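Reminder, nothing fancy here: chain letters follow the sequence lines and each chain counts from 1. Bear in mind that the values here come from a model prediction, so they are computed numbers and not experimental data.
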Protein chains: 2
Amino acid sequence: MKVKEVAELTGISVRTLHHYDDIGLLSPQKMPGSGYRLYETKDLEKLQQILFFRELDFPLRQIKEIMMSPLYDHEEALRVQRKMLIDKRKRIDQMITTINQTIQCEEGEIEMTDKERFAGIDFRHNPYEEEARQRWGDTAVEQSKKKIASMGEEEQQEMAQAFDAIYKKLATVRDEPADSEKAQAYIEEWFLYLNQLGSYSLEAFKGLGQMYVDDPRFTKNIDKYGDGLAEFMKNAMAVYAERNQR
Amino acid sequence: MKVKEVAELTGISVRTLHHYDDIGLLSPQKMPGSGYRLYETKDLEKLQQILFFRELDFPLRQIKEIMMSPLYDHEEALRVQRKMLIDKRKRIDQMITTINQTIQCEEGEIEMTDKERFAGIDFRHNPYEEEARQRWGDTAVEQSKKKIASMGEEEQQEMAQAFDAIYKKLATVRDEPADSEKAQAYIEEWFLYLNQLGSYSLEAFKGLGQMYVDDPRFTKNIDKYGDGLAEFMKNAMAVYAERNQR
DNA sequence: ATTGACTATCACGTTACGTGATGCTTTATA
DNA sequence: TATAAAGCATCACGTAACGTGATAGTCAAT
């Protein structure tokens, strides 16, 4: 599908699609030669997600962060979005009754306090935001994610390659002991690389390794490079952290 | 009440209150001496209205125009807002079922068309916007037509005379620049008079001026009062509209 | 009398696009 | 097949609704 077709299907503007491409939120294939954007089914799926997030007032940057995360799970996102939409509907119900009361109040039938007058309008601690932050919010990993999201297209490309390279290297030595020279050398490379993104203390670094095995979503992604890589990295990272912690 | 109290009551920021004051949307009394903003009950009522409109994605400029109109009716506004909120709730319901279907689709239980995938997200012709534009929007011309149609004979006579008087006045200054003091004063008189008939937003007013030169029937009739009057009025009306917007 | 919480007014920054301007494809029509 | 019309692309600047300090005056409590 080309831009206008997508625009007409979804009700958003062509410019919006351009914008989402510009910021790297949704970058479809481009027709070689003409440079036309071509949206496939997977792009439409992603766009659907994006628009749900947008309806829930997530800033685009955060949407990007969430969806680029290695922890991202499409179906889980849908469930959380559903919950948040239900909460939003509750808020609207609240506002409707507030209006009803206000009308009655205007006709002198009832009295209203100032608080009641704004029930439903107040946004501050709506539970669905809480829910979302809990699910995707500011963990230690978050910092590096932010950095990643703020990077330009080529930079991201470079980084993805660097990650890939390091994982592959590590995968080749995953059957050696975790404290072997090679393993520790690669792990150091890994540590130094991570510290270009955000500052990881040795403690945090060790914790990150622990997460690799504790969180099945992490494990799954890492073990794509080789069975048992997550476990191996956890051990090697722990060794590295302890050795260098004086 | 002072700014922070209002902010805490309503959940909006102090800056937002400042902003609404800046653009003349909600300008409370100021404490003489300190200059502190003091919000009374009527200001809170108005703020409630504003926030309902905002929830329904009305731009602030339009909210201002709506609420400044001489035709504005608080209670009627509440009723329309209620209707629009109910429609919004329907849209959310639609989105929720879309999510449910998407989840089922993901699990291979059902199939989905592209259109279904975006049901509820598409905003374009939701009826509540229609409703609102009809009520307050740029149908000002139609409103005035209706009003004229419903007027008695003498009233129409009176009106014709008033029109005649204003046109004659304007014809006397049609060689001055469109932004001269006199021209603008007469144009303001014209604007205020029109607003006794129907509510003309500044945008609509400007558009009306444009019509004076675009539609030859208009031009012909107006230029009876003096050659080039239509053109002059168009310019003066545009200046007036732009100066008073924001 | 001093501190700390509030307030005010600039003034520049940000997000998520809107709105042309200009020029290259692709499709429809003569 | 030529030629227009429609669609696409990339700048680049504009806008709406505030956010975010910076700086300075005010008020209530210690």
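- Here B:Val3 lies in heavy-atom contact (under 4.0 Å) with sugar-phosphate atoms only.
- When rounded to the nearest whole Å, the span between OH of A:Tyr36 and C1' of D:dC8 equals 4 Å.
- Proximity of B:Arg54 to the phosphate of D:dA17: no side-chain N or O atom is located under 4.0 Å from OP1 or OP2.
- Rounded to a whole Å, the NE2 atom of A:His18 is 4 Å from the P atom of D:dA9.
- Put simply, the side chain of A:Lys64 does not reach to within 4.5 Å of the side chain of A:Arg61, judged on heavy atoms.
- Per the geometry, CZ belonging to B:Phe58 stands 16 Å off C1' belonging to D:dA16, to the nearest Å.
- Distance alone, capped at 3.5 Å, places no donor-acceptor pair between the A:Lys46 side chain and the A:Ser27 backbone.
- Atoms CG (B:Asp22) and C1' (D:dA17) sit 11 Å apart, rounded to a whole Å.
- Between the CZ atom of B:Arg61 and the C1' atom of D:dT15 there is a distance of 9 Å, given to the nearest Å.
- For the pair A:Asp21 CG and D:dA9 P, the computed distance is 9 Å after rounding to whole Å.
- Heavy atoms of other residues, nucleotides or ligands lying less than 6.0 angstrom from CD of B:Glu181 number 12 at most.
- With a heavy-atom cut-off of 4.0 Å to chain B, the contacted part of DNA chain C has its first and last nucleotide at C:dC6 to C:dA11.
- Here the P atom of nucleotide D:dC8 and the CG atom of A:Leu38 are 11 Å apart, to the nearest Å.
- The environment of CD in B:Glu5 is crowded: more than 12 heavy-atom neighbours from other residues, nucleotides or ligands sit within 6.0 Å.
- For D:dA9, the OP1/OP2 oxygens have a side-chain nitrogen or oxygen of A:Arg37 closer than 4.0 Å.
- Each of B:Arg15 and B:Lys4 was assigned the nucleotide of DNA chain C with the nearest heavy atom; the assignment lying further toward the 5' end belongs to B:Lys4.
- Nucleotide D:dA16 holds its P atom 13 Å from the CD1 atom of B:Ile63, rounded to whole Å.
- The side chain to side chain donor-acceptor pair (under 3.5 Å) search around B:Gln104 returns B:Glu109, not counting sequence neighbours.
- Checked for salt-bridge contact, B:Asp87 and B:Lys90 meet the test: a charged N lies under 4.0 Å from a carboxylate O.
- In this structure, B:Lys2 and B:Leu60 both approach DNA chain D, and ranking their closest nucleotides by distance from the 5' end singles out B:Leu60.
- Within a 6.0 Å sphere centred on CD of B:Glu107, heavy atoms belonging to other residues, nucleotides or ligands number more than 12.
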